[in-house]
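One structure below.
In the text below, chain A, chain B and the rest are named by the order of the sequence lines, each starting its count at 1.
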Amino acid sequence: MTPQIAPDDILSVQNISKRFDVSEPFLNRVLERRPRRILTAVNDISFDVPRGKTFAVVGESGCGKSTVARLLMGLHTPSAGAIRFEGTDITHMPPGNPPELRRRMQMIFQDPYASLNPRWRVRDIIGEPLKNFGICKTRAEVTREVEKLLSQVGLIPADAKKFPHEFSGGQRQRLSIARALTTRPELLICDEPTSALDVSVQSQILNLMKDLQDEFNMSYIFISHDLAVVWYMADVLAVMYLGKIVEVGPKEQIFENPQHPYTRLLMETVPKLTVGGTERAPVAGEVPNPISPPPGCSFHPRCPLANDTCRSVAPALNLRAGGQKSACHAADEGRLPAWLRLAAE
Amino acid sequence: MSLLELDNIVVEFPTRRGPLEAVKGLSLDLDEGEILGLVGESGAGKSITGAAITGLIEPPGLIRSGEVRLRGARIDNLPPEKMRRIRGKEIGAIFQDPLTSLNPVYTVGEQLIDTMRVHLGFDHKAARQRAIDWLAEVGIPAPEARLDQYPHQFSGGMRQRVVIALALCAEPKLIIADEPTTALDVSVQAQILALLKRLCRENGTAVVLVTHDMGVIAETADRVAVMYAGRLVEIGDVKQVIEEPLHPYTRGLMASIPQIGNRDRRLTQIEGAMPGLRNPAPGCAFAPRCPRAMEHCHSLRPAPQDAGTGQVACHLYGETA
Ligand SMILES: Nc1ncnc2c1ncn2[C@@H]1O[C@H](COP(=O)(O)OP(=O)(O)O)[C@@H](O)[C@H]1O
Ligand SMILES: Nc1ncnc2c1ncn2[C@@H]1O[C@H](COP(=O)(O)OP(=O)(O)O)[C@@H](O)[C@H]1O
Ligand code: SF4
Ligand code: SF4
Ligand SMILES: [Mg+2]
Ligand SMILES: [Mg+2]
C-alpha cells in the first residue's frame with residue numbers, strides 16, 4: 001500500500017512508531033531473570049505538513065518530539081509506518097540518500113554548538129554542503145555564496161574566517177540556520193531551536209526564521225516545549241503526550257478551545273506576565289514512564305475527567321466541531337467542560 | 001535592619017588575559033521574609049552574585065571589594081569553616097540541578113536527619129519524624145517509604161522537592177535559589193514554585209530567586225532586580241518591573257517575550273548582544289543597543305537613582321535627566 005499525499009501537503013506521516021530496546025545486556029537479563037524492556041518513544045502517529053506553513057509540535061520533555069524529527073530525517077528507522085515527502089516514500093531511505101531528495105529537507109538543533117564542527121572555520125562549515133551537493137562549482141562561487149548566506153542570517157562576511165567558539169549562542173544558531181539554507185531546502189525541521197537562548201536572543205532568531213520562511217517559501221516543522229513560542233510560530237499545531245499526538249489542528253482553534261485535558265493543562269501552566277490576580281493552577285503529577293505507559297488513555301492518572309473507559313480503552317483521534325482532532329473519551333462523550341478562554345490580549 | 005545587605009560588591013576572576021570583573025559594584029538590600037527576583041540574560045552575573053552571598057565563589061575568583069552583611073554582620077570575610085556553618089544553618093541553597101545538593105550515596109532520609117541533627121540539635125528519633133513531615137510537606141507521596149530511598153530513585157521534579165525540604169529543614173532565614181525550576185517541565189515548574197513560595201511565606205524565609213524567566217518572577221517575587229553586564233540596571237516592586245519597567249533594557253526584555261494572544265507579526269527585539277565583560281566601555285553598558293541613547297550615555301556611566309518604587313541606573317531618570 002502506498003500512502004497518498006494531498007497536493008497541498010509537503011510531507012505526510014502515516015501510523016509511524018519508534019520502539020527502542022532498552023533491555024539490560026543479555027547475560028544480566030538471563031541471570032537476573034529480567035524481562036526485555038521496550039520503550040515506545042513514538043506510538044502510531046499520523047500527521048500532514050502543509051506546504052509553506054509551520055507545523056508545530058509541542059509537549060513536555062520525553063514525549064517523543066526529537067524522535068519524530070530524527071525519524072523524518074532518516075536518523076532513526078521507524079519500527080512501523082510510512083513517511084512520504086513530496087510524493088516519494090522515504091520511510092526506509094538512509095540519511096542523506098538519495099541526495100537530490102535529502103537536500104530538500106534540512107534540520108536545525110537546540111544546541112547549535114554540538115552540531116557545528118569546532119575545528120572548522122565558518123566558511124568551511126557552510127561551504128562544504130555547497131560543494132558536496134554541487135551547488136557551487138568554483139571556489140569564488142563558494143565564497144560569494146557563503147557571504148550571501150551569512151548576510152541572510154544577519155552575520156557579516158568577515159565572520160566567514162572565524163571558528164564556532166568565537167560566536168555567542170544566538171550567533172551560532174544563525175550559523176546553523178545558514179548551513180541548513182545552503183541546499184535551499186523546502187522543508188526545515190527545527191528541534192527546539194531557541195530553547196537554549198535568552199528571550200532577547202530568542203526573539204531575534206524567531207523573527208529571522210519567519211522572514212526566511214517568507215523569503216524562500218519554506219515549510220517548517222517547529223518543535224518546542226514553550227506554548228507562547230508555538231503560538232507565535234505555528235499554523236498547525238500538534239500536542240504530544242507519551243509518544244502520542246493527543247490533539248492536532250489549526251493553531252487558533254486549539255488555543256481558542258482546546259479539546260483535550262492535557263492541552264488544557266499545558267495552557268494553564270503557561271506563566272503569565274501579569275502580577276497578582278490568577279496564579280498558575282498547580283497540576284498534580286508528572287509524566288509517567290514510557291516503558292510501561294498506563295493502560296487505556298495514557299493521560300488518565302493525571303486527568304480529572306478519567307472514568308473506567310479511560311482506564312481501559314485508548315481513545316481515538318476524532319474530529320471536533322472546532323476543526324481540530326483530539327483523542328479523548330470525554331470529548332467523544334460530550335462531557336468535556338466548557339473552556340474559559342485565556343485572559344490574553 | 002535588613003536581613004541581607006550587598007554593599008558595592010565587586011567579584012573578580014583572575015585570568016591569563018588579566019582580571020575579569022563579573023560583578024562590577026552591586027548593592028542591594030533584602031528584608032526578612034522577602035522574595036527578591038534576580039533576573040538578566042546569561043552571563044549578566046546573576047549566579048556569581050548568588051555565589052558571593054553564599055560564599056561559594058570558586059577560587060581563584062574572589063570578592064575584590066565591598067561587603068556582604070547578614071543582619072548587619074559581615075560574612076564575606078569569614079574563614080571557610082565558619083561560612084560552611086552559616087551556609088547550612090542561616091543560608092540555604094537550591095540549584096538548577098538537584099543532584100548538586102544531594103549526596104548520591106546517602107538516602108534522602110539520612111541527609112535530612114543529619115542536617116537537622118547538626119543544625120537544630122535534634123535527636124535521631126525527633127529528626128526522623130521531622131524528616132517524614134518535611135517530605136510530606138513538600139508533596140512527596142508515601143513519605144515514610146520514600147525516606148529510605150536514594151536520590152536516583154526520585155524523578156527530576158521529586159528530587160527538586162527533596163532539595164527544597166533539605167534547604168528549609170534547618171530553618172534558615174535566607175534561601176538562595178539559582179534557576180530552581182529551569183530544568184523542569186512547565187507543569188512541574190508551577191508546582192515547585194508554588195511550593196517554594198508557600199513554605200517561605202509560612203516560615204518567614206527570605207529568598208533570592210535567580211532566574212532568566214520573567215514568568216517565574218511575575219508569580220513568585222515581591223521585588224525584582226535586573227542585571228546587565230555585571231551591574232544592576234533596575235530594582236523595584238515586581239508589578240512595576242514586570243508591567244511598567246523604567247529602564248530601556250528591562251522594557252526591551254519584557255517586550256521580547258512571546259505572549260499567547262498577541263497578534264503582532266514580528267516579536268519586538270533588542271538589536272545586538274550584551275557586551276563581554278572585558279574592556280567595558282566608559283558609558284552605559286546598554287548604550288550600543290539602546291533606542292533612547294543620548295550622546296552622554298556613551299561616555300558617562302549612569303549611577304543608580306531613586307525612581308519609581310526602587311532605583312534605576314539610566315540617564316533618563318534622576319538628576320542627570
Ligand atoms: N536512542 C534512544 N534509545 C533509547 N531511548 C531513547 C532514545 N532516544 C530517545 N529515547 C527515549 O524516547 C523518549 C522520547 O525521547 P525524545 O524524542 O528525545 O523526547 P523529547 O524530544 O520530546 O524530549 C524518551 O523517554 C527518551 O528517553
Ligand atoms: N570561574 C570563572 N572564571 C572566569 N569567569 C567566570 C567564572 N564564573 C563565571 N564567570 C564569568 O562571570 C560572568 C557572569 O557569570 P554568571 O554569574 O554565571 O552569569 P549568569 O547571569 O548567567 O548566572 C560570565 O560572563 C562568566 O563568563
Ligand atoms: S480519555 Fe479520559 S483520561 Fe484521557 S484525557 Fe480524555 S477524559 Fe482524560
Ligand atoms: S543611560 Fe542612556 S543608553 Fe543607558 S539605558 Fe539609559 S538612555 Fe539608554
Ligand atoms: Mg527533544
Ligand atoms: Mg546562572
Side-chain angles (χ1 to χ4, degrees), chain A residues 59-63 154 167-171 194 196-208 210-211 214 225-233 255 262 265-289 302 341-345, chain B residues 40-44 139 141 155-158 183-195 197 212-222 224 237-243 249 252-274 276 289:
Chain A
E60 293 174 280
S61 60
C63 71
F167 296 87
S168 68
Q171 288 175 318
T194 62
L197 304 176
D198 282 304
V199 277
S200 64
V201 182
Q202 167 172 276
S203 61
Q204 296 175 349
I205 298 293
L206 294 180
N207 282 337
L208 172 69
K210 280 214 153 177
D211 293 344
D214 290 350
H225 66 274
D226 185 333
L227 268 180
V229 167
V230 158
W231 161 268
Y232 178 68
M233 294 301 286
F255 276 91
Y262 179 63
L265 176 155
L266 282 184
M267 291 195 182
E268 278 160 1
T269 53
V270 173
K272 298 189 182 58
L273 282 174
T274 48
V275 179
T278 49
E279 295 207 349
R280 276 193 278 182
V283 186
E286 292 179 34
V287 182
N289 184 340
R302 301 173 77 189
R341 272 194 65 181
L342 281 179
E345 271 87 44
Chain B
E41 53 202 273
S42 43
S155 71
M158 286 295 158
L184 304 174
D185 277 315
V186 275
S187 69
V188 181
Q189 241 182 46
Q191 303 166 13
I192 298 291
L193 286 174
L195 174 72
K197 188 170 173 174
H212 66 277
D213 187 336
M214 284 292 189
V216 164
I217 291 295
E219 62 190 12
T220 318
D222 302 313
V224 186
D237 288 348
V238 62
K239 199 162 171 64
Q240 175 199 307
V241 177
I242 298 284
E243 293 177 5
Y249 171 65
L253 191 63
M254 291 307 304
S256 66
I257 303 173
Q259 294 232 58
I260 295 172
N262 181 341
R263 283 169 206 284
D264 297 344
R265 214 199 74 81
R266 292 178 68 84
L267 287 162
T268 307
Q269 64 182 59
I270 313 177
E271 301 300 335
M274 192 169 72
R289 309 171 73 187

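- Among residues two or more places apart in sequence or in another chain, the side chain to side chain donor-acceptor pair (under 3.5 Å) test is passed with A:Glu60 by A:Tyr262, B:Ser187.
- Using a 4.5 Å heavy-atom threshold, the side chains of B:Met158 and B:Pro141 count as touching.
- Interface remark: A:Leu206 contributes side-chain atoms only to the contact with chain B (heavy atom separation under 4.5 Å).
- A 4.5 Å side-chain heavy-atom check between B:Met214 and A:Val199 finds every atom pair outside the cut-off.
- Contact of A:Ser61 with chain B is made through backbone and side chain together, with heavy-atom distances under 4.5 Å.
- By number of non-hydrogen pairs under 4.5 angstrom with chain A, the leading residue of B:Met274, B:Gln259, B:Glu271 is B:Gln259.
- No other option in B:Gly40, B:Gly157, B:Gly156 has as many heavy-atom pairs under 4.5 Å with chain A as B:Gly157.
- Legend: residues meeting side chain to side chain contact (heavy atoms under 4.5 Å, CB included) with A:Ala228, ordered by chain and number and at least two apart, are A:Asp226, B:Pro258, B:Ile260.
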